[in-house]
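One structure, as structure tokens, below. Some questions next.
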There are 2 protein chains.
Amino acid sequence: MKQNNDHKKYNAIEKSILTLLAFSEDKSSWGVRELSQKLGFSPATVQRILQTYKTYGFVKQDSQTRQYHLGNVFYKFIEPLQHVNQVTRGARKYMEQVAAETGETVHLNIVEDGHRICIDTLESSRALRAGMPLGHRSPLHAGASAKCLLAFSSPEFIETYLDLTPLTRLTENTLVERTSLEQALSQIRQEGFAGSLGERTPGLGSLSAPIMDHRGKAIAVLSLAIPEIRFSNDVHRNKCIESLIGAVREFSLENGFLFR
Amino acid sequence: MKQNNDHKKYNAIEKSILTLLAFSEDKSSWGVRELSQKLGFSPATVQRILQTYKTYGFVKQDSQTRQYHLGNVFYKFIEPLQHVNQVTRGARKYMEQVAAETGETVHLNIVEDGHRICIDTLESSRALRAGMPLGHRSPLHAGASAKCLLAFSSPEFIETYLDLTPLTRLTENTLVERTSLEQALSQIRQEGFAGSLGERTPGLGSLSAPIMDHRGKAIAVLSLAIPEIRFSNDVHRNKCIESLIGAVREFSLENGFLFR
DNA sequence: TGTTTTGTTTCATATTATAAAACACTGTTT
DNA sequence: AAACAGTGTTTTATAATATGAAACAAAACA
């Protein structure tokens, strides 16, 4: 059992936050003592925190197993979050533009806690299409969006990420060698976009380009999810790349950053 | 300024929860003193809570206005929530079934805090289609999904809801008279499904039917979002109703409830 | 049947959350 | 310019309460 070996002192609110965050990680279902051991808080404390969260709908308790799960309250935060988020708000029209130009599924991604996470999606209207649901997560080494996010992160972030994270193989195309991944990241920075085919999911192609803020820091990546059959078509793929790069350039310019 | 006139004593964790919940309601952007007044906690307390949430990414602070907004951590909870949620898990195959049979956008909705909220969506692949993003909210009196959720709630819930909530007009088709709404709810219960055209959004038609648990309590509604042009086609609409009812009957039976 | 492992409750004690007040800073008004 | 009225934030003495150990209850297991 993995323990939280940080022996830092937490106040009551921090404890409640860490308790909640445990449900977003590896396990999404916890018992009181199990979670108490992981967090290093006493069972009584975890019990009280979970009961409080339960009354507000943040967690549910299975009446048979007595285990705790995430509750439905979180759905309530999605709409206000999307509404207040500058990136999703600003990116919407460019997502629509790219969707219209390419006919493929367009999605928006950020790095959160060392993972790629999809924060908005606009599905293709073709019969054969790729999906990318809101909230979908993946590691940062597999797939165009993930690699693009990693490529445009700070050098320090990239290094610590590569030091700490094992490059798990997800498909036969996943880059599992650090050197080849670093080479890919370098190429992405040079070309200004990332592409991948079946690195995370077999049959799924993907293209991705970074959206910059006024300082030239990547705040998100705009991506396309494309079925292999169309991804393999050079003409179509080039059209998609062009559309994507056009959109991120415009958006970044809007934020005060001019691509060279 | 609306104040939280409950003079109940809250413990530290409850205070932090109420602070967070404030961002899911009317305002999604708060100043310290403003929020302190609304919640009835001292500014120092709210300040400390917000700073703690800030370090964990639950809220962001605008560096200019010093106002607090929701942070990106919430995106992290979507995937585990969808994964652990029995309703979304179980409904998936029926959503796909209805989507295949009708070609329209299928979505799943629940009541959360007196609102309809979309907890899963499967977009139509037609050129002209209606969207219904995950997390989308609406009041319970306008639109087929909302009315269906209300119709199959407990009589006590319906009464208190109608007593407390003003029936705001959203379009020219919105039911704003209590009696006509109650009559509509009664009809929905009799027919086993709800339909609406342009009650919430002009040009948008909708059909909805309840998913029951083993006790016959509605745990969610399965719905279709259909553009007016196709909604007005009787043949198509009847096919959609049939598909929807077939799916909720099967799913409810799976849960141990047999429709009479 | 005994044994281990759950979730949960109790309770004395020390930790810490708390609100008032002060502070620093902003923009506005006089 | 000076006074004012708002902010967000920090300080601090004190009262309130979060806390972990232990006990309890109720499963699950051998």
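Being a predicted model, the structure only gives us computed values, none of them experimental.
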Would you mind reading off the distance between B:Lys9 atom NZ and D:dA16 atom C1', rounded to a whole angstrom?
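Rounded to whole Å, this separation is 8 Å.
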Where along residues 45-52 of chain B does a heavy atom fall under 4.0 Å from DNA chain C?
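The answer is B:Thr45, B:Arg48.
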Could you grab the distance from atom CD of B:Glu14 to atom OG1 of B:Thr19, nearest 0.5 Å is fine?
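It comes to 11.5 Å.
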Euclidean distance, atom CD of residue B:Gln37 to atom C1' of D:dG6 [Å, nearest integer]
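Between C1' of D:dG6 and CD of B:Gln37: 12 Å.
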C:dA19 P sits how many Å from B:Tyr10 OH, rounded?
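Taking atom P of C:dA19 as the reference, OH of B:Tyr10 is at 13 Å.
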In whole Å, what is the span from the CZ atom of A:Arg33 to the P atom of C:dT9?
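So the two atoms are 13 Å apart, to the nearest Å.
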Find the distance between CG (A:Leu167) and OG1 (A:Thr174) and round it off to the nearest 0.5 Å.
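One finds 9.5 Å between CG of A:Leu167 and OG1 of A:Thr174.
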Atom-to-atom span, CG of B:Asn11 to C1' of C:dT15 - whole angstrom
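About 16 Å, once rounded to whole Å.
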For DNA chain D, the residues among residues 58-70 of chain B that have a non-hydrogen atom under 4.0 Å from it:
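The stretch gives B:Gln61, B:Arg66, B:Tyr68 as the residues lying under 4.0 Å from the strand, ordered by number.
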Would the distance check show the side chain of B:Tyr161 and the main-chain N or O of B:Leu140 forming a donor-acceptor pair, the cut-off being under 3.5 Å?
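Confirmed, B:Tyr161 side chain pairs with B:Leu140 backbone.
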Among B:Leu134, B:Ile110, B:Asp120, side chain to side chain contact (heavy atoms under 4.5 Å, CB included) partner for B:Thr88:
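With B:Thr88 as partner, B:Leu134, B:Ile110, B:Asp120 yield a single side chain to side chain contact (heavy atoms under 4.5 Å, CB included), made by B:Asp120.
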Quick check on the helix from C:dG2-D:dC29 to C:dT30-D:dA1: what's the angle between its two end axes, five base pairs per end, to the nearest 10°?
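About 30° separates the two local helix axes.
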Against B:Tyr75, only a single residue in A:Gln82, A:Arg137, A:His136 fulfils side chain to side chain contact (heavy atoms under 4.5 Å, CB included); can you say which?
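In the set A:Gln82, A:Arg137, A:His136, the residue that makes a side chain to side chain contact (heavy atoms under 4.5 Å, CB included) with B:Tyr75 is A:Gln82.
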Worked verdict on B:Phe152 versus B:Ile188 for side chain to side chain contact (heavy atoms under 4.5 Å, CB included)
CA-CA 9 Å; B:Phe152 289 95; B:Ile188 290 165; 3.8 Å; yes
Under a 3.5 Å cutoff, is there a donor and acceptor pairing between the side chains of B:Gln61 and B:Tyr53?
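B:Gln61 vs B:Tyr53: no donor-acceptor pair found between side chains.
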Please name the pair of heavy atoms, one in B:Phe157 and one in B:Thr160, separated by the smallest distance, quoted to 0.1 Å.
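That closest heavy-atom pairing would be O-OG1, 3.0 Å.
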Least distance between heavy atoms, A:Ser145 atom then A:His107 atom
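For A:Ser145 and A:His107, the tightest heavy-atom pair comes out as OG-CE1, 3.5 Å.
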Heavy atoms, side chains only, cut-off 4.5 Å: are B:Lys38 and B:Lys27 in contact?
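No, their side chains stay 4.5 Å or more apart.
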At under 4.0 Å between heavy atoms, what does A:Ala12 touch on the DNA or RNA strands: base, sugar-phosphate, or nothing?
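Sugar-phosphate: the residue A:Ala12, judged by heavy atoms under 4.0 Å, touches backbone atoms but no base.
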Expressed in angstrom and rounded to an integer, what is the separation of A:Glu34 atom CD from D:dA27 atom P?
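Between P of D:dA27 and CD of A:Glu34: 19 Å.
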Return the value, rounded to whole Å, for the distance between atom CD1 of A:Ile13 and atom P of D:dT17.
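So the CD1-P distance, A:Ile13 to D:dT17, works out to 13 Å.
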Could you state the NZ-P distance from A:Lys54 to C:dG7, rounded to the nearest angstrom?
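Between P of C:dG7 and NZ of A:Lys54: 12 Å.
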Which atom of B:Gly71 lies closest to which atom of A:Leu81, heavy atoms considered:
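That would be O-CD1, 3.4 Å.
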